[in-house]
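Structure first, then comments.
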Amino acid sequence: MEERRFCIGYALAPKKRHSFIQDSLVSLAASRGIDLVRIDTERPLLDQGPFDCILHKFYGEDWRKQLVEFRVKNPNAFILDSPDSIERLHNRISMLQVVSELKIENPDESFGIPKQIVIYDKETLFDRQAWEGLKFPVIAKPLVADGSAKSHKMALVFNHDCLNKLKPPIVLQEFVNHGGVIFKVYVVGQYVKCVKRKSLPDEPEAKLGNVDGLLSFSQVSNMTPREKIDDKYYKMMQLDDTEMPPLSFITDIARGLQRSMNLNLFNFDVIRDSKIGTRYLIIDINYFPGYAKMPGYEKVLTDFFCDLAQKKEALNNADKKKDVEDKIGCDQETRKIGSDEDGGGQSVDREKKETTVQD
Ligand SMILES: Nc1ncnc2c1ncn2[C@@H]1O[C@H](COP(=O)(O)OP(=O)(O)OP(=O)(O)O)[C@@H](O)[C@H]1O
Ligand SMILES: O=P(O)(O)O[C@H]1[C@H](O)[C@@H](O)[C@H](OP(=O)(O)O)[C@@H](OP(=O)(O)O)[C@H]1O
Ligand SMILES: [Mg+2]
Ligand SMILES: [Mg+2]
């Protein structure tokens with residue numbers, strides 16, 4: 001009998017395609033029955049395939065419409081992830097709202113988000129009342145986080161004198177001293193991996209020299225050594241000595257976020273408050289981050305794809321069973337697939353014609 005293969009179509013912008021679709025991933029996945037096939041976003045999606053799953057980090061109204069049509073025609077296929085769920089991460093306020101709403105029982109550690117306000121216009125920017133309760137330094141972040149270079153342009157602001165240089169809409173977030181190390185937590189379905197990266201130094205004004213009230217920067221944790229704000233400082237800092245946050249605590253947060261955001265592929269940035277060593281702050285959540293930077297990403301992603309293939313198989317089998325039941329007069333409108341032992345499966349609501357993959 002011919003081997004059953006699981007076909008994943010991917011729609012990614014060129015930079016993401018080059019970093020994520022590496023030969024090592026494609027060949028490992030292929031050896032386990034998963035084909036990764038590029039979707040030509042210049043051509044109609046429905047003319048391509050067939051796909052069992054669509055993996056995408058691609059935007060625009062037209063793409064959204066095509067995904068809706070695809071879903072109608074392929075109710076059993078997976079779309080990773082749903083555009084509506086991804087959308088929440090394109091705004092730095094709605095992005096962190098889920099964190100504020102998350103409840104996790106933990107007697108030893110606590111978590112939250114830094115104090116922040118959103119500023120939509122210049123007038124409010126200069127209104128001292130709007131700043132009430134916010135202490136300098138603050139980080140000014142573009143409100144929109146849509147993956148554009150512009151959306152990563154940040155500024156450390158040390159006083160009111162240089163506010164003119166800021167361009168609303170922005171989020172002003174209190175800078176929290178955190179020992180110059182950031183924890184990046186990568187989530188792939190049920191898999192959670194936490195890694196350390198370099199971050200901005202504590203008391204940045206003192207550490208970075210006598211800056212002029214405002215210091216612009218972009219994607220600190222991705223910087224090459226030449227670009228680092230103060231390389232000597234980072235060498236001094238000894239990243240290796242930094243203790244990791246408790247894994248079970250981080251995993252609880254990751255699972256909680258995953259459930260409330262209904263996303264499979266994301267990472268979030270966590271810092272540890274230097275003043276309260278057991279307090280963690282989530283400062284950023286990114287959809288479909290740079291997984292290739294994660295050690296052994298090929299296996300992690302391939303395992304995830306194989307899980308999807310199994311779920312799809314179960315779904316197809318259930319459909320076959322339903323056909324038989326229909327013929328003999330059974331009626332089942334909504335079915336759930338997946339067991340509680342593995343944390344559930346995907347729920348398939350036939351009326352909504354929606355297939356999502358959840359933990
Ligand atoms: N509230 C904060 N306190 C201290 N440092 C912060 C804070 N917010 C951000 N930073 C620093 O600024 C960096 C960039 O911030 P943030 O992660 O929000 O931006 P981003 O452009 O969305 O990043 P990414 O490349 O991860 O998408 C962080 O990695 C961290 O070093
Ligand atoms: O440019 P947008 O769409 O926002 O996405 C970026 C994320 O914001 C970053 O978090 C990714 O880097 P990390 O995986 O180091 O977080 C970064 O990964 P990359 O460096 O592989 O592109 C991007 O995924
Ligand atoms: Mg970040
Ligand atoms: Mg980000």
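Sequence neighbours left out, not one pair with a member in residues 125-148 passes salt bridge (charged side-chain N to carboxylate O under 4.0 Å, His left out). Residue pairs meeting the salt bridge (charged side-chain N to carboxylate O under 4.0 Å, His left out) criterion with at least one partner in residues 165-176, sequence neighbours excluded, are absent.
A donor-acceptor contact closer than 3.5 angstrom links the side chains of Asp319 and Asn76.
To the nearest 0.5 angstrom, Leu265 atom CG is 12.5 Å from Asn286 atom CG.
Take Ser100 and apply the side chain to side chain contact (heavy atoms under 4.5 Å, CB included) test, not counting sequence neighbours, and it matches Ile113. Applying the side chain to side chain donor-acceptor pair (under 3.5 Å) criterion to Lys16, with sequence neighbours excluded, gives no partner residue. Among residues two or more places apart in sequence or in another chain, the side chain to side chain donor-acceptor pair (under 3.5 Å) test is passed with Ser260 by none. Partners of Arg64 according to the side chain to side chain donor-acceptor pair (under 3.5 Å) rule, which considers only residues two or more places apart in sequence or in another chain, are Asp84, Glu87. Scanning for side chain to side chain donor-acceptor pair (under 3.5 Å) contacts around Asp121 gives Thr124, with sequence neighbours left out. Shown here are the salt bridge (charged side-chain N to carboxylate O under 4.0 Å, His left out) partners of Arg272, two or more places apart in sequence or in another chain: there are none. Applying the salt bridge (charged side-chain N to carboxylate O under 4.0 Å, His left out) criterion to Arg38, with sequence neighbours excluded, gives no partner residue. The salt bridge (charged side-chain N to carboxylate O under 4.0 Å, His left out) search around Asp303 returns Arg32, Lys299, not counting sequence neighbours.
Glu101 CD: more than 12 foreign heavy atoms inside a 6.0 Å radius.
Under the 3.5 Å distance criterion, the side-chain polar atoms of Gln66 are matched with a main-chain donor or acceptor of Leu45. With Gln173 contributing its side chain and Lys115 its backbone, the two residues share no donor-acceptor pair below 3.5 Å. Within the 3.5 Å criterion, the main-chain N or O of Asp269 finds no donor-acceptor partner in the side chain of Lys184. Tyr10 places no side-chain N or O within 3.5 Å of a backbone atom of Phe20 that could act as its donor or acceptor partner. With hydrogens and angles ignored, the 3.5 Å screen pairs a side-chain donor or acceptor of Gln22 with a backbone N or O of Ser19. A donor-acceptor pair is defined here as one N or O able to donate and one able to accept, closer than 3.5 Å; no such pair exists between the side chain of Lys73 and the backbone of Leu46. A donor-acceptor pair under 3.5 Å links the side-chain atoms of Asp202 to the main chain of His178, judged by distance alone.
Closest heavy-atom contact between Ala77 and Phe51: CB-O, 3.9 Å. Here the closest non-hydrogen pair linking Pro201 and Phe175 is O-CZ, 3.3 Å. Contact between Cys194 and Phe183 at its shortest, heavy atoms only, is SG-CB, 3.8 Å.
Under the 4.5 Å side-chain criterion, counting only non-hydrogen atoms from C-beta, Pro142 is in contact with Met154.
Hydrophobic clustering of Ile, Leu, Val, Met, Phe, Trp and Tyr side chains at less than 4.5 Å, counting indirect connections, keeps Val144 apart from Ile86. Linking ILVMFWY residues whenever their side-chain heavy atoms come closer than 4.5 Å, directly or via other members, places Phe305 and Leu263 in the same cluster. Val192 and Tyr287 fall within the same hydrophobic cluster, where Ile, Leu, Val, Met, Phe, Trp and Tyr residues are linked whenever their side-chain heavy atoms come under 4.5 Å apart, directly or through other members.
A tilted orientation is assigned to the rings of Trp63 and His56, their planes being inclined by 30° to 60°.
Grouped with Phe126 in one hydrophobic cluster are Ile117, Ile119, Leu125, Trp131, Leu134, Phe136, Val138, Val157, Leu163, Leu166, Ile170, Leu172, Leu214, the linkage being side-chain heavy-atom contacts under 4.5 Å among Ile, Leu, Val, Met, Phe, Trp and Tyr residues. When hydrophobic side chains of Ile, Leu, Val, Met, Phe, Trp and Tyr are connected at separations under 4.5 Å, Ile276 ends up as a singleton with no cluster partners.
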